[in-house]
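Comments concern the structure below.
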Protein chains: 2
Amino acid sequence: MSKCEQCIVRQFSSLKALSKDELLKMADCKTSYTIKKGETIFEEGEITNGIYCIKDGVCKMTKLSANGKDQIVKLVKSGELLGQRSTISEEPANLSAVALEDMEVCFIPKTEILQFFTQNNQFSMNVMKTICGDLKEADDHMVSMAQKSVKERLAETLLYLEDTFGKNDDNTLKLQLSREELAGMIGTATESCIRLLSELNKAGLIELIGKKIAIKDRNKLRRMSE
Amino acid sequence: MSKCEQCIVRQFSSLKALSKDELLKMADCKTSYTIKKGETIFEEGEITNGIYCIKDGVCKMTKLSANGKDQIVKLVKSGELLGQRSTISEEPANLSAVALEDMEVCFIPKTEILQFFTQNNQFSMNVMKTICGDLKEADDHMVSMAQKSVKERLAETLLYLEDTFGKNDDNTLKLQLSREELAGMIGTATESCIRLLSELNKAGLIELIGKKIAIKDRNKLRRMSE
DNA sequence: TTTAAAGTATGACAAATATCATATTTTAAA
DNA sequence: TTTAAAATATGATATTTGTCATACTTTAAA
């Protein structure tokens, strides 16, 4: 069993407030999992009973809407925690978590987490601040969905993907989403998404290299996203 | 100065976890305000330095989008707290708060709130659960905006307004929003909102009594909202 | 009370987006 | 490798929604 104390990703999450003793306790009760691309970590409506610490990889958090389409609510990457909200609320998960790449995660049981809350005030504050940040993002995201056109949201999302997950040597986005997934992020039909990508390609703002996407003109994209 | 101990609305918020001593301290440092309909409590980008406890009235939380329209992100009513997120994050407000009715609010300084966090674990957990609830709502709201049509969102919103704020003797919605505000909630143009209201009126699902709106057929509205 | 301003309502039209059809390309299974 | 399935791409068309114009109604100020 690997030690949480030596785990680097811990430094990037609320867990950085935990003491040596607490980390030892956590290492004792955690379970490590390898999750293959496409596999589900947990499903909307499921009782999770703990949180996942992402050691490696990226996953999408989705919600099935009434019309049968999967809306991608957000992407979560290594160093971040998964399932905090449902654990704290003691409610079933509101969103499904599905791996977009092969992942390494550690599961920490709810009982352990709740103990840390009562013992360690800094940890509580860290978690609270994280969730407050999530709330701000969610509100902003909502306003985007309500007020921006699909084209604006697409431009915004492409920039977000490059900024957050980086690019390869050929300038293509490192995180490769299918057209359907990209459509699911911006909240539109897959065909509309593909059509707008073609349009941006013809206008020279992006380049389509097979299924991959490379951003060619950040400034124009940024102006387009507003 | 009125005593927080005897304030009823306290019971409905995270503040119910505070001890007698803590309530006395709070009563000592709080400031009460009367806010007239239409007045702003705080503005997006402003540093708030504390939270507001709503004793009476309802306010809208809005965000100005790039296209110049005000999106109503949520409505907050008596018994709820205002400005928790920015106080905890120690960031400027992300949303503006504007009174929809005459309001009575109490302002509690940040220093006081942060003390309660370190002293009173139950209070921390209450606030955390509230914010987790807000986050769930925000995510769900986002999916609605991304996946539902304007008509579906209008139906959904009318039901929400009746469920949350009740109706008058003539069955009209108690919380009276202008058509522009209603459009701002569902994220559409005012004219589109008015047009759809006319349509629902002609179809007998609602009745328009002057500027007021009465729901006539909840079941059909609910089916329409999905 | 009169009058101007704001809010509500509706028509005409334009723009954005979804849907359905179909072709092409890529991927993965047999 | 061959083949079927899935993903990507694009056209044609329908639907939804936004915009602009204008009329009517209510509200509030002079």
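Every chain is numbered from 1 and lettered A, B, ... according to where its sequence line falls, protein lines coming before strand lines. All values below come from the heavy atoms of this structure, side chains included, with hydrogens, waters and symmetry mates left out.
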Member of A:Asp70, A:Leu95, A:Leu64 meeting the side chain to side chain contact (heavy atoms under 4.5 Å, CB included) criterion with A:Glu44: A:Leu64
Carboxylate-amine/guanidinium contact A:Glu181 A:Lys60, below 4.0 Å: yes
Chain B contact limits on DNA chain C, taken 5' to 3' with a cut-off of 4.0 angstrom to heavy atoms: C:dG7 to C:dA12
Protein-nucleotide distance (B:Lys69, atom NZ; D:dG18, atom C1'), rounded to Å: 7 Å
Check: A:Leu82 and A:Met61 side chains under 4.5 Å, non-hydrogen atoms: yes
Check against side chain to side chain donor-acceptor pair (under 3.5 Å), A:Thr130 and A:Gln84: CA-CA 10 Å; A:Thr130 305; A:Gln84 301 178 85; 5.0 Å; no
Atom-pair distance (NZ on A:Lys151; P on D:dG18), nearest Å: 17 Å
Lys/Arg N to Asp/Glu carboxylate O, A:Glu162 vs A:Lys174, below 4.0 Å: no
Closest-nucleotide 5' rank along DNA chain D - winner of A:Leu177 and A:Ala146: A:Leu177
Distance, rounded to the nearest Å, where A:Glu180 contributes CD and D:dA6 contributes P: 12 Å
Mutual orientation of the aromatic rings belonging to A:Tyr33 and A:Phe107 [parallel < 30°, tilted 30-60°, perpendicular > 60°]: perpendicular
Lys/Arg-Asp/Glu bridge criterion (N-O < 4.0 Å) met for A:Lys148, A:Glu226: no
DNA chain C contacts among residues 190-212 of chain B, heavy-atom distance under 4.0 Å: B:Glu191, B:Ile194, B:Arg195, B:Ser198, B:Lys211
Pair A:Asp140-B:Asn94, side-chain donor/acceptor within less than 3.5 Å: yes
Integer-rounded Å distance: D:dG18 P and A:Lys148 NZ: 16 Å
